[in-house]
Amino acid sequence: MLDRWLATRAENAVEPSVVFAPVLDQLSIKMRLTVFRVNGDDPLQWEMKAIRQSGFTSRVLNINQLFADCRIGDFKDRRYMEDAVIPRLREVVRSQQPRMELVKTKLMGLSLGYDRILLPQKNSKGSEWIISSSCARFLLTRPRHDANLDVEDEAITQLLIEGATAKEIAATLGLSHRTVEHRLSRLKDRMGARNTVHLVAMLMATHLDRSAD
């Protein structure tokens, strides 16, 4: 998709489908594709439309339902938009250059991590759209006992709490089984869990406790 974007020209502005349509079927199941329509100078008035929903599922939060087509200003978590989305959209509209990054933020009070690429329209009159392609890594309430988990630890706890085995976690994240076992052991030490079942129970209790708040 980046190659197709690079082939476009500002003097001959195209619609976003020219960039994403030929590669849509090649996106992985965890990837979500959204197009933001740039309507005027106020990002809260910009509209987002899902082109492809993500296959990333979580018992914690329904991502596809939350990210229904709407104006940015109508999104349920305004702070998420203002902290993690709007500044980057403004940046790529101004520069008309792509941006690729790992995003770690909060969504509806939960820790969220995903890889994101933003592709703004090349347009001599100003970008009228932005393609956002994201690939989810984790969505989880961060354990209170340790606020310093790294990306892989949070991804591991996300999969663990949803019933994945250590081998399944290793395969999903592209890690060795030994690495996953080591990280699980370290997580148990951090949280004072006696075993993996106890660790899962503690993580679930943390989520339920925060949900009650």
Side-chain angles (χ1 to χ4, degrees), residues 1-58 60-140 151:
M1 190 162 58
L2 181 58
D3 288 339
R4 294 194 62 84
W5 178 86
L6 288 170
T8 64
R9 296 289 180 268
E11 60 272 16
N12 185 27
V14 300
E15 283 298 297
S17 58
V18 173
V19 176
F20 67 72
V23 297
L24 202 55
D25 293 337
Q26 300 175 33
L27 301 180
S28 76
I29 192 171
K30 288 188 176 183
M31 296 183 73
R32 176 182 174 84
L33 195 71
T34 303
V35 170
F36 290 90
R37 287 288 178 178
V38 179
N39 305 318
D41 296 328
D42 183 2
L44 296 179
Q45 301 301 320
W46 298 355
E47 298 176 353
M48 62 180 190
K49 179 177 179 58
I51 304 301
R52 173 172 176 177
Q53 301 281 19
S54 171
F56 173 76
T57 59
S58 171
V60 179
L61 191 65
N62 187 324
I63 290 291
N64 290 329
Q65 185 179 61
L66 180 63
F67 283 87
D69 299 350
C70 67
R71 291 185 314 117
I72 290 179
D74 294 332
F75 189 74
K76 290 183 178 180
D77 190 339
R78 178 78 165 267
R79 183 171 181 177
Y80 162 75
M81 282 293 174
E82 292 178 343
D83 290 348
V85 179
I86 291 176
R88 295 295 182 260
L89 296 183
R90 283 185 179 277
E91 179 182 328
V92 298
V93 164
R94 176 187 57 77
S95 66
Q96 292 194 18
Q97 294 297 315
R99 183 179 179 93
M100 291 173 278
E101 61 187 338
L102 168 62
V103 180
K104 291 185 66 179
T105 185
K106 292 283 187 179
L107 176 64
M108 305 299 287
L110 305 177
S111 295
L112 173 66
Y114 57 95
D115 295 305
R116 176 174 66 191
I117 178 171
L118 297 174
L119 300 175
Q121 181 193 40
K122 294 181 186 177
N123 191 338
S124 56
K125 298 180 180 179
S127 297
E128 297 178 349
W129 52 256
I130 305 163
I131 297 172
S132 174
S133 176
S134 59
C135 183
R137 290 206 183 191
F138 61 86
L139 172 61
L140 187 69
V151 171

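Starting from 1, each residue takes its place in the sequence as its number. The structure presented is a predicted model; accordingly, all values stated were derived computationally and were not measured.
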(message) Could you check whether any side-chain N or O of R99 sits under 3.5 Å from a backbone N or O of V92, counting only pairs where one atom can act as donor and the other as acceptor?
(response)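 Side chain of R99 to backbone of V92, a donor-acceptor pair under 3.5 Å: no, none is there.
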
(request) Look only at the side chain of S54 and the backbone of K30, and say whether a donor-acceptor pair between them is shorter than 3.5 Å. (result)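 Pair found, side chain donor or acceptor close to backbone of K30.
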
For the [atom1] atom of [X] and the [atom2] atom of [Y], what is their distance to the nearest 0.5 Å?
X: K76; Y: R78; atom1: NZ; atom2: CZ; value: 16.0 Å
X: C135; Y: L27; atom1: SG; atom2: CG; value: 9.5 Å
X: Q45; Y: I72; atom1: CD; atom2: CD1; value: 9.5 Å

Using salt bridge (charged side-chain N to carboxylate O under 4.0 Å, His left out) as the criterion, list what pairs up with [X], not counting sequence neighbours.
X: R71; answer: D74
X: R79; answer: D83
X: K49; answer: D69
X: R52; answer: none

(message) Can you confirm whether more than 12 heavy atoms, excluding those of E11, are under 6.0 Å from its CD atom?
(response) yes

(request) For atom CG of D25, decide whether the heavy atoms of other residues, nucleotides or ligands shown that lie under 6.0 angstrom number more than 12. (result)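 Count not over threshold, so no.
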
Is the shortest heavy-atom distance from the side chain of [X] to the side chain of [Y] under 4.5 Å?
X: I51; Y: I131; answer: no
X: P43; Y: L89; answer: no
X: L112; Y: V103; answer: no
X: I63; Y: L107; answer: yes

Identify the two heavy atoms, one from [X] and one from [Y], that lie closest to each other, and give their separation to 0.1 Å.
X: N64; Y: Q53; answer: OD1-OE1, 2.9 Å
X: P87; Y: M81; answer: CD-O, 4.0 Å
X: R4; Y: V18; answer: NE-O, 3.1 Å

(request) Could you name each residue pair satisfying side-chain hydrogen bond (donor to acceptor under 3.5 Å, both in side chains) that touches residues 112-128, not counting sequence neighbours? (result)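 Applying side-chain hydrogen bond (donor to acceptor under 3.5 Å, both in side chains) to every pair that reaches into residues 112-128, excluding sequence neighbours, yields Y80-Y114, E101-R116, Y114-R116, D115-R137, Q121-N123.
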
Counting only pairs under 3.5 Å, give me each side-chain donor-acceptor contact of residues 33-41, with atom names and distances, residues two or more places apart or in other chains.
unit_1 : atom_1 : unit_2 : atom_2 : d
R37    : NH1    : E15    : OE1    : 3.4
R37    : NH2    : E15    : OE1    : 2.8

(message) Working note: M100 + L118, criterion side-chain contact (heavy atoms from CB on, under 4.5 Å); need CA distance, chi angles, decisive distance, verdict.
(response) CA-CA 7 Å; M100 291 173 278; L118 297 174; over 6 Å; no

(message) Applying side chain to side chain donor-acceptor pair (under 3.5 Å), can you list everything that pairs with Q97, at least two apart in sequence or on another chain?
(response)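 Residues passing side chain to side chain donor-acceptor pair (under 3.5 Å) with Q97: none at all.
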
(message) Applying side chain to side chain donor-acceptor pair (under 3.5 Å), can you list everything that pairs with E47, at least two apart in sequence or on another chain?
(response)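 Counting only residues at least two positions away or on another chain, E47 forms no side chain to side chain donor-acceptor pair (under 3.5 Å).
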
(request) Determine, stepwise, if the pair F75 / V85 fulfils side-chain contact (heavy atoms from CB on, under 4.5 Å). (result) CA-CA 11 Å; F75 189 74; V85 179; over 6 Å; no

(request) Just jot down the side chain to side chain contact (heavy atoms under 4.5 Å, CB included) partners of N12, sequence neighbours excluded, or say none. (result)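 Not a single residue meets the side chain to side chain contact (heavy atoms under 4.5 Å, CB included) criterion with N12.
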
(message) Please enumerate all residues that pass side chain to side chain contact (heavy atoms under 4.5 Å, CB included) together with P98, with sequence neighbours excluded.
(response) L2, W5, L119

(request) Show your working on side-chain contact (heavy atoms from CB on, under 4.5 Å) between M1 and S133 and close with a plain yes or no. (result) CA-CA 10 Å; M1 190 162 58; S133 176; 3.7 Å; yes

